[in-house]
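Here is the structure we will look at, set down as structure tokens.
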Amino acid sequence: MTAAATAVLAGVAALLAGLPAADAAPTAGPRVAAAAASRTMENLDRAVVAVRSSSTDVLISWRLLGLDPDSTGFNVYRSTGGASSTKLNSEVLTGATNFVDTTADLAKSNSYRVRPVVGGKEQPSSKTFTLGADHATEPVVRIPIEEGGPIKFTWVGDLDGDGAYDYVVDRQTTPQKIEAYRSDGELLWRMDMGPNSTDQNNIEGGSSTIDVGNWDGVTVQDLDSDGRAEVAVRIANGVTFGDGKTFAYSDNSHQFIAILDGSTGAARATAPVPDDYLSDGPMYARFGVGYLDGTTPSLVAFMKNRVGSGDFNLMMTAWKFDGTTLSRQWKWLRGDQDAPDGHNTRIVDVDGDGKDEIAEIGFVLNGDGTLRYSLEPKGVIHGDRFYIGKMDPDRPGLQGYGIQQNNESGLREYYYDAADGSMIWQHSEDGVTDVGRGLVGDIDPRHPGMEAWSFSGIYNASTGKLTEPDTSLAPWPALGLWWDGDLGMELLNDGKLEKWDPANPKPSNSLPRVLTTSKFGAVGVGSAGNPTLVGDLMGDWREEAVYPNASNDELIVFTTDKPTATRLYTLAHNPAYRNAMTLKGYLQSHEVDYYLGNGMSTPPRPDISYAPRS
């Protein structure tokens with residue numbers, strides 16, 4: 001029986017027995033009839049988290065799941081010093097999934113849990129989260145890990161099937177390594193990328209080198225929908241898997257894709273990378289996951305190598321892992337087609353048919369690997385950053401926004417319909433320049449929809465007009481982050497979480513500061529001071545940012561300490577957002593497939609079903 005069928009049968013049983021709580025392996029509830037045709041996603045737990053927000057207060061937050069009935073409420077319980085639990089709320093909480101505890105004895109340890117309430121009946125309890133005695137006042141969860149080399153990227157997935165996100169990190173050592181940790185920091189396994197990872201040139205490096213430049217070659221997701229995440233990695237001769245077995249091949253040039261067991265690091269399947277461009281050397285890779293058939297996940301590989309000292313070969317492939325075999329679905333070679341690529345990839349359903357497409361900064365492939373459209377005829381070339389999301393709540397479908405690198409026409413940025421590539425507006429200026437950063441998000445509630453900006457001023461995306469006449473007051477377009485509880489986006493820039501105020505606009509060097517990550521021991525990655533991961537990892541719908549500490553023996557997970565009145569299902573159950581969490585490249589913000597911002601409507605329930613809980 002397939003995992004998807006198992007999930008459907010579990011949903012039927014749930015209807016007969018009454019709706020379950022999240023940590024008791026939730027199912028599709030009233031949407032069972034549609035579950036067979038929907039995409040199978042992670043069976044997440046409530047991810048209760050508590051942070052001390054002041055000398056007297058604790059903020060507790062937890063997940064609302066994608067298929068929770070609208071009427072689901074919650075009760076919050078606290079156990080102090082190991083004593084029996086006490087319910088903290090006098091009435092069932094039916095609004096936002098957070099609660100401020102003002103009565104805790106913070107000199108003692110306090111453990112928090114929630115119980116969903118459906119139809120007036122309490123459901124089984126979530127797991128507990130314990131805040132230690134005399135805990136620091138900080139918006140942080142600290143996860144101890146083994147001491148090791150620098151970390152560039154972190155991925156999350158439920159490696160052990162308990163509903164909580166576990167962590168996979170790289171180690172930028174020589175040779176490189178990959179490590180997997182349970183959610184509490186217990187080391188599961190370590191993989192050695194071998195002698196072919198010692199050449200870490202970010203354009204023409206080793207055949208098993210990962211995570212340099214805009215490349216990764218690793219991702220984490222439940223690829224066979226069995227309730228446990230796998231780790232996909234591009235490998236070559238000489239790598240040693242997490243179970244201690246070494247992969248051997250007769251030369252160092254041929255490359256393979258390996259699917260690793262998330263709990264052990266053992267190789268469950270391998271398949272050769274197509275050798276169309278082998279004569280030009282190893283291919284670097286970006287990996288991501290999408291649902292190209294609308295129901296089951298596929299691994300998508302974007303791979304390039306250089307032709308001599310000039311142009312680049314580009315090959316894209318899609319793969320299915322059925323629990324035993326890794327099979328290639330299709331291969332697309334750019335060749336001499338006009339299809340401009342960039343420094344990250346997005347996998348999202350651009351046309352609303354339930355099936356994902358693969359988007360680059362200047363073209364989109366259909367889920368079957370055929371070219372859907374190219375933006376090259378519209379004057380678009382290579383660039384660093386682009387976004388696809390619901391930027392205009394009043395326009396049908398999704399929209400795209402991108403920036404340009406050294407476009408000879410003077411094109412700086414552009415905004416288009418994501419379904420067919422039709423251009424909505426473009427901004428050009430005299431001269432040629434590398435527009436290195438761009439961002440979208442709702443930062444100005446005076447105008448409907450999101451703003452889009454690089455270095456030419458802040459534009460309202462839907463109209464293409466400036467929202468702030470003084471273009472020098474645009475904030476630095478680094479990363480967006482949902483944090484403080486209102487529906488305006490915050491900005492994460494080189495370890496500074498900031499808020500742009502349209503009523504009192506200021507440039508980046510003087511924006512109001514929400515927090516500074518270095519004050520809590522976090523160390524940013526690279527010249528941009530980036531986190532290793534941004535995503536909705538725990539608590540309610542607000543996002544977390546993950547950094548290493550200076551000793552690289554701790555993951556510092558920043559999680560909000562601000563209450564919110566907004567109730568949204570976890571972003572990790574939104575298909576577009578969860579796909580985006582599997583992708584790296586140049587680290588960029590993720591987008592949901594509905595409008596998230598001021599004046600938003602309640603988003604529709606996602607068309608998903610849950611994988612079984614192991």
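Sequential numbering from 1 along the given sequence is applied to the chain's residues. Everything numeric in this text was worked out from a predicted model, so none of it was measured.
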Side-chain donor/acceptor of Asn196 to backbone N/O of Asn237, under 3.5 Å: yes
Check: Thr154 side chain, Val169 main-chain N or O, donor-acceptor pair, under 3.5 Å: no
Residue pair Glu42 / Tyr165, side-chain donor-acceptor N/O under 3.5 Å: yes
Under-4.0 Å salt bridge between Asp540 and Arg567: no
Of Asp166, Asp162, Asp160, the residue whose pairing with Arg182 passes side chain to side chain donor-acceptor pair (under 3.5 Å): Asp160
Test: Arg613 and Asp158 ion pair at under 4.0 Å: no
Test item: side-chain donor near acceptor, Thr246 and Thr240, under 3.5 Å: yes
Ring centres under 6.0 angstrom apart (Tyr112, Tyr77): no
Evaluation steps, salt bridge (Lys or Arg N to Asp or Glu O under 4.0 Å), between Lys127 and Asp45: CA-CA 8 Å; Lys127 300 167 192 168; Asp45 66 10; 2.9 Å; yes
Ring centres under 6.0 angstrom apart (Phe74, Trp62): yes
Closest approach of Tyr284 to Thr209 (non-hydrogen atoms, all atoms of both residues): OH-CG2, 3.4 Å
Ring centroid separation Phe256 to Phe247 under 6.0 Å: yes
Whether Phe520 and Phe558 hold their rings parallel, tilted or perpendicular, with breakpoints at 30° and 60°: perpendicular
Donor-acceptor under 3.5 Å (Ser298 side chain, Ala318 main chain): no
Lys/Arg-Asp/Glu bridge criterion (N-O < 4.0 Å) met for Asp224, Arg268: yes
Side-chain (Lys152) to main-chain (Gly213) donor-acceptor, under 3.5 angstrom: yes
Over all atoms of both residues, closest heavy-atom pair of Ile145 and Arg171: CD1-NH2, 3.6 Å
Aromatic contact, Tyr610 with His573 (centres under 6.0 Å): yes
Under 3.5 Å side-chain donor-acceptor pair for Arg78 and Thr103: yes
Acceptor/donor pairs from residues 478-485 side chains to any protein atom, 3.5 angstrom cut, sequence neighbours excluded:
residue: Asp484; atom: OD1; partner: Asp486; partner atom: N; Å: 3.2
residue: Asp484; atom: OD2; partner: Lys499; partner atom: NZ; Å: 3.1

Backbone N/O of Ser207 and side chain of Gln255: donor-acceptor pair under 3.5 Å: yes
For Asp216 against Lys584, the heavy-atom pair lying closest together: OD2-CB, 3.3 Å
Heavy-atom check, side chain of Gln588 versus side chain of Arg346, under 4.5 Å: yes
